[in-house]
Structure formats: C-alpha cells, structure tokens
There are 2 protein chains.
Amino acid sequence: MVYRATPLTESKKMECREKLLASGLKLVLEGGFGNITIIKVAQRSQVATGTMYRYFSSKGELCEDIFRTATEIELSKVAKTCQQPGTPTDRMNQTLTEFAQRAIKGRRLAYALIAEPVDSMLDETRLQFRRAYANHFSRLIEEGIQTGEFCEQPSMISATAIIGAISEALIGPLSPENCDPIESQKLTHDIVSFCLRALSAK
Amino acid sequence: MVYRATPLTESKKMECREKLLASGLKLVLEGGFGNITIIKVAQRSQVATGTMYRYFSSKGELCEDIFRTATEIELSKVAKTCQQPGTPTDRMNQTLTEFAQRAIKGRRLAYALIAEPVDSMLDETRLQFRRAYANHFSRLIEEGIQTGEFCEQPSMISATAIIGAISEALIGPLSPENCDPIESQKLTHDIVSFCLRALSAK
DNA sequence: CTAAAAAATGAACCATGATTCACTTCTTAA
DNA sequence: TTAAGAAGTGAATCATGGTTCATTTTTTAG
C-alpha cells in the first residue's frame, strides 16, 4: 500500500491566497501599487517569499488580482446606481456624485486604480475596466439623449471625458491633499455640475 | 610658472549638454520616459555613460530637463492663444482645439508629458506645469464669466476638469491608437464641444 | 506511529540599470 | 613642444527587487 497525503482542501488554499491578497491590498491602500514588494507582502502575511509563488505565478499576477478585485467592487457600485429608476439626469447625478465621493474618501486607492503608473501588465487590465466604466456612462448618456434631457453628442466620447474630468479634478495632482467633508462636498458638487452642464447644454 | 588649460567655453559645454538632451528627447518620443536609459542616451550621443554625469548630476536631472523644456514649449503656445484678441469663447475654442490637435499629432510626447508614470522626482515638476496650464484656462474662464458668455462656476475646478477631459479622451488608454486626419478632427471637435458646453450652459 | 507527499522556507541567484572612478586622451597656455 | 588640467571612457560596483530551489517542516492516510 502506498501512503500519501492529500492536498489541502481548496478552501484552505484559498485562505492563504486571500491572506496574501489582503496584505497586498493594504499595501496598495498605504502607498499604491508601487508600494507592493514580494518581500513586504510575504512579511505582512507571515509567510516566506517563496510561498507566494505557490499561489501566484508572479508579482504581476498578484497585482492584477488585487487590481481586478478592487475595481470590480467599484464598478458594480457604479453599475447599480446607473440602473436605478429615475430620469437619466437624476441617475447620472447620483452616479457621478457617489463615484466622486467614494474616490475622495478612498483617495489613495482611487488614485491607484484610476491613474497610478503601473507596469504594462496592468495597463491592459486597467484599459479593460476603463472601457467598462465608460460603457456604463455611455449607456446612460444615450438614454438621456433619447429623452431629450441631454443634447446630441457622441456618448462614448462624453463618457470618456467625464471620467477624465472627475479623475483629474479629484485625484489628479492638482487636487487638495485632504479636505474636510464640507470642502469635499462642494468639490464634488462643482465637478458633477460641470459634467452635467456638458451633457445637457443645447 | 604654472601651466594650465582653460575649461571649455560655455558654448562648447552647452553643445554637448544639448546633444544629450536631444538624444533623450528622441528616446521619449519613441517610447516615453520609461524608454530613457543612461546607456541608451549615451550611445545615441556617441558618448560614454560616465560623460553624462559631467553634464547632469543624475538621470533624474536629465529627465526633468527634458520634461521642462518640452512642456515649456507647449505651455507658451497655450499662453499665446489664450491671450489673442477675441471673445473668451472664441479664444477658448481655439486654444483647446489647437491644444488637442497638437496632442494628437505628438501623441507619444503628449502622453509622456501629461500622463505617463514617472518617478516622484518628475511628479513635482509635472504638478507645477499642470497648475500653469490650469491657470491659463482659469483666467480665460473668468473673463468669460465676466462677459456673461460662461456661467458662474469655480474657474479653477473647471479648468482642471477640462485638462482631465481632454487628456483622457485624447491620449488616455481609451483613445484610438491612430486616427486619420478626418477622424482626429472630429474627435477634437467633439471633445472641445463637450468642454465648451460645460463652460457656457446656464 | 510512519512514510510519503504537500507545503513552507529563505538564502542564493539573477536581471536591470544607475552610478562611480581609476585611467586614457585631448586641449591649451606658455 | 610640453605639462597641467579638463574631458572622456567604460568596466566595475552598487542597489533594488523578483524568482528559484535544495532543504526543512507539516500533514495525513493507513
């Protein structure tokens, strides 16, 4: 008879994977993707560097996974608000406002997800998610054009411009490092107003 | 009597410095700041790596110099168009249109200057120049508010949003890799229209 | 308890690329 | 023409950080 050990159950394996992802996300929250190092991730997870390679084929895969997970959460929130009942204008207003407020609240993460320099591996993934954001906005814009609330316009270009405008104003290098709730509410309102004017002006 | 050689004339020194800067700029045009390597810059300039350190204290200084020079050229063009005679609307239209067209034409450089990931050394410089762009736009917006062509709005936030909108739409990852002149003209028109609507809608 | 397989370890290795510096070559005033 | 200093050289060094793998530890079926 041959003695053998069974592999860890999938859940056990996932547990360790999750631990590594969680540590990685923390590091991103603290200092962006540039703050991720195999050594740091391993230390935070109380694990040796070699162990990481049992769960991820490379640092890139780890980063991509962190990116994907975090972005999907944000994306699903955007999707949800976009599809609520109400006029396109109202929905756009709410979607952008909440999008902006979340970005302000989690400025570091928002910057890492939307704008931070990452190596080309992530660029592809980021591109994919930007398209996804833009698609949501674009659909909403088209609805607004249908109802006559928004003027005729190429919806995808406007959607892209909106993403750029919000990103730049909120998390770009020009934005204030911190602002109190009142300030940030005003900032959000101003930038969302800007976007809505662009959408609806005749 | 002590024999001595005189240092190279300033112009001679500048000549070599310029050669290095020119090679560096070429490399940026070809593949962004990430494409700059001391070795490559030296090779292009037909010079040894050590020689570079006679003219620049570090790679960062070289990059910063390239960045600064290229940006100042663009900035002066923006400034010039901003200050032409005409209504604020017309001037804004022309400024943004030309800004966008130059960005499309020199996409790689534009990307490198506006958006490309660079190390923190350059971030400070980039911030400075973004402020400079935004200030030009902001002043023009305020003029427009005075004349009543533009609605009441926080001019600096709008200016920032405009920069973001154009950057994202033109050189962000969503933009088409290349487009023929007709396409790019339409793209420019669409995005500039977006910005002008945001500025002037009541 | 035992042995075989799985899992974990972390020091060594490797790749990249900036920076240095002992040495060679060039320039110029005398 | 010459010697002192300037300029140039590029191989060696350093720094960072990802990846590997021979070895040790843990787990589990029997």
Side-chain angles (χ1 to χ4, degrees), chain A residues 1-21 23-24 27-28 30-67 116-122, chain B residues 1-21 23-24 27-28 30-67 116-122:
Chain A
M1 189 55 183
V2 179
Y3 294 97
R4 45 174 227 78
T6 45
L8 281 185
T9 57
E10 278 309 298
S11 71
K12 205 62 185 277
K13 227 175 181 163
M14 280 306 110
E15 207 170 277
C16 187
R17 205 171 195 277
E18 292 309 319
K19 194 170 60 176
L20 288 162
L21 285 171
S23 305
L27 285 166
V28 172
E30 289 167 21
F33 282 95
N35 194 34
I36 286 195
T37 294
I38 297 295
I39 294 181
K40 282 193 202 165
V41 173
Q43 280 177 342
R44 293 273 181 121
S45 308
Q46 311 229 271
V47 135
T49 61
T51 302
M52 217 221 70
Y53 286 85
R54 183 169 299 284
Y55 299 96
F56 300 91
S57 69
S58 69
K59 182 192 175 186
E61 194 187 304
L62 172 76
C63 287
E64 180 149 342
D65 216 320
I66 293 169
F67 184 95
E116 189 195 350
V118 204
D119 54 305
S120 50
M121 178 157 198
L122 271 198
Chain B
M1 187 55 183
V2 180
Y3 294 96
R4 46 172 226 80
T6 45
L8 281 185
T9 57
E10 278 309 298
S11 72
K12 205 59 183 277
K13 227 175 182 163
M14 280 305 110
E15 208 170 278
C16 187
R17 204 171 196 278
E18 292 308 321
K19 195 170 57 175
L20 288 163
L21 284 172
S23 305
L27 286 166
V28 172
E30 289 167 22
F33 282 96
N35 194 34
I36 286 195
T37 293
I38 298 296
I39 294 182
K40 282 193 202 167
V41 173
Q43 279 177 342
R44 293 272 181 121
S45 308
Q46 312 229 272
V47 136
T49 61
T51 302
M52 217 221 68
Y53 286 86
R54 184 168 299 284
Y55 298 96
F56 300 91
S57 69
S58 69
K59 181 191 177 187
E61 193 186 305
L62 172 75
C63 287
E64 179 148 345
D65 216 318
I66 292 169
F67 184 95
E116 189 194 349
V118 205
D119 54 306
S120 52
M121 177 158 197
L122 272 198

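Atoms considered below: every heavy atom in the structure, side chains included; atoms not considered: hydrogens, waters and symmetry mates. Every chain is numbered from 1, with letters handed out A, B, ... down the list of sequences.
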Query - Gln46(B) CD to dG8(D) P, straight-line distance once rounded to whole Å - result: 14 Å

Query raised in the report: Roughly how far apart are Glu15(B) CD and Tyr55(B) OH, rounded to 0.5 Å?
Result: 9.5 Å

Requested in this report: Mind calculating the distance between CG (Asn35(A)) and P (dG17(D)) to the nearest angstrom?
Outcome: 10 Å

Report task. Figure out the CZ/C1' separation between Phe56(A) and dT20(D), and round it to whole Å. Result -> 18 Å

Report task. Measure across Gly32(B) and Glu116(B) and return the closest heavy-atom pair with its distance rounded to 0.1 Å. Result -> CA-OE1, 3.3 Å

Query raised in the report: Under the side chain to side chain contact (heavy atoms under 4.5 Å, CB included) test, which residues partner Phe56(B), sequence neighbours left out?
Result: Arg17(B), Leu20(B), Leu21(B), Met52(B), Glu61(B), Leu62(B), Asp65(B)

Query raised in the report: Under 4.5 Å between any side-chain heavy atoms of Leu27(A) and Glu30(A), yes or no?
Result: yes

Query raised in the report: CZ of Arg17(A) versus C1' of dA7(C): gap in Å, rounded?
Result: 16 Å

Query raised in the report: Starting at CD of Glu61(A) and ending at P of dG18(D), how long is that distance when rounded to a whole Å?
Result: 15 Å

Requested in this report: Indicate whether OP1 or OP2 belonging to dG8(D) is found under 4.0 Å from a side-chain N or O atom of Tyr55(B).
Outcome: yes

Query raised in the report: When the distance from CG of Leu20(A) to C1' of dG18(D) is rounded to whole Å, what number comes out?
Result: 15 Å

**Report entry** Tyr53(A) versus Ser58(A), closest heavy-atom pair with distance
**Finding:** CE2-CA, 4.0 Å

Query raised in the report: Do Val28(B) and Phe67(B) come within less than 4.5 Å of each other through their side chains, counting heavy atoms only?
Result: no

Report task. Do nucleotides 17-24 of chain C as a string where each nucleotide becomes B, S or -: B if the base has a protein heavy atom under 4.0 Å, S if just the sugar-phosphate does, - if no protein is that close. Result -> -SBB----

Query raised in the report: Tell me: CZ of Arg54(A) to C1' of dT26(D), nearest whole Å?
Result: 12 Å

Requested in this report: Take atom CD of Glu15(B) and atom C1' of dG8(D), then tell me their distance rounded to the nearest Å.
Outcome: 15 Å

